[in-house]
Amino acid sequence: MALDVSCVVNNLENIYDTFDMTLVHVGVGGGALLAYSARANSIANNVLIIDHVPESEWSWYCCETEKIERSWKSMENIDFIESKRKVALQTYDSYEELRNKLPVVGDEAINRIKEFKGKTDINIEMPYRMVLI
């Protein structure tokens with residue numbers, strides 16, 4: 001996806017001191033990988049989870065709202081050291097570029113982005129959370 005990764009990294013560096021840290025990247029995957037995140041926590045002192053939130057436009061366009069809801073719900077009973085909410089942009093030069101990124105998600109996602117047909121400089125807000133456990 002055309003996520004503004006530099007924005008996410010900048011927010012990460014402004015919030016957490018990552019100097020001299022072991023970073024273990026964990027995707028929670030709708031809650032399916034939560035056990036792996038617990039294992040990652042046994043490897044590293046802290047685990048940082050970054051994922052978009054269910055109410056984001058991006059979640060809706062990608063048909064991931066339910067998956068993201070399950071993901072965050074699966075972490076309800078975990079004590080967070082810290083939790084921050086930020087916003088990044090998914091940016092695309094054209095409808096075609098956006099459409100080419102979504103076929104793996106399915107036909108419904110393609111239907112949802114039809115409003116961008118013929119448009120250029122597409123920006124879709126993607127609020128996300130950064131959670132340190």
Between Val131 and Met75, does the side-chain contact (heavy atoms from CB on, under 4.5 Å) criterion hold? Intermediate values first, please. CA-CA 10 Å; Val131 176; Met75 294 186 285; 5.8 Å; no
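Between atom SG of residue Cys62 and atom CD1 of residue Ile124 there is a gap of 7.5 Å, rounded to the nearest 0.5 Å. Rounded to the nearest 0.5 Å, atoms CZ (Arg99) and OH (Tyr92) are 13.5 Å apart. Note: Ile122 CD1 to Gln90 CD = 11.5 Å, rounded to the nearest 0.5 Å. We find the CD1-CD1 distance between Ile110 and Ile113 to be 4.5 Å, quoted to the nearest 0.5 Å. For the atom pair CH2 (Trp72) and CD1 (Ile49), the distance works out to 6.0 Å, reported to the nearest 0.5 Å.
The existence of a salt bridge linking Lys101 and Glu97 is excluded, since no basic side-chain nitrogen approaches an acidic carboxylate oxygen closer than 4.0 Å.
Applying the salt bridge (Lys or Arg N to Asp or Glu O under 4.0 Å) test to every pair with at least one member in residues 52-61, sequence neighbours left out, gives these pairs: Glu55-Arg85. Among residue pairs with one or both ends in residues 114-133, none qualify as salt bridge (Lys or Arg N to Asp or Glu O under 4.0 Å); sequence neighbours excluded.
Asn123 is linked by a side-chain contact (heavy atoms from CB on, under 4.5 Å) to Leu89, Thr91, counting only residues two or more places apart in sequence or in another chain. Qualifying ring pair (Phe, Tyr, Trp, His ring centres under 6.0 Å) partners for Phe116, counting only residues two or more places apart in sequence or in other chains: Tyr61. Residues satisfying the side-chain contact (heavy atoms from CB on, under 4.5 Å) criterion with Glu96, sequence neighbours excluded, are Ser94. For Ser59, the side-chain hydrogen bond (donor to acceptor under 3.5 Å, both in side chains) partners are His52, Ser56, not counting sequence neighbours.
For the pair Cys63 and Ala109, the tightest heavy-atom approach, listed with the atom from each and the gap, is SG-N, 3.5 Å. The two atoms that bring Val53 and Ile68 nearest to each other are C-CG2, 3.6 Å, heavy atoms only.
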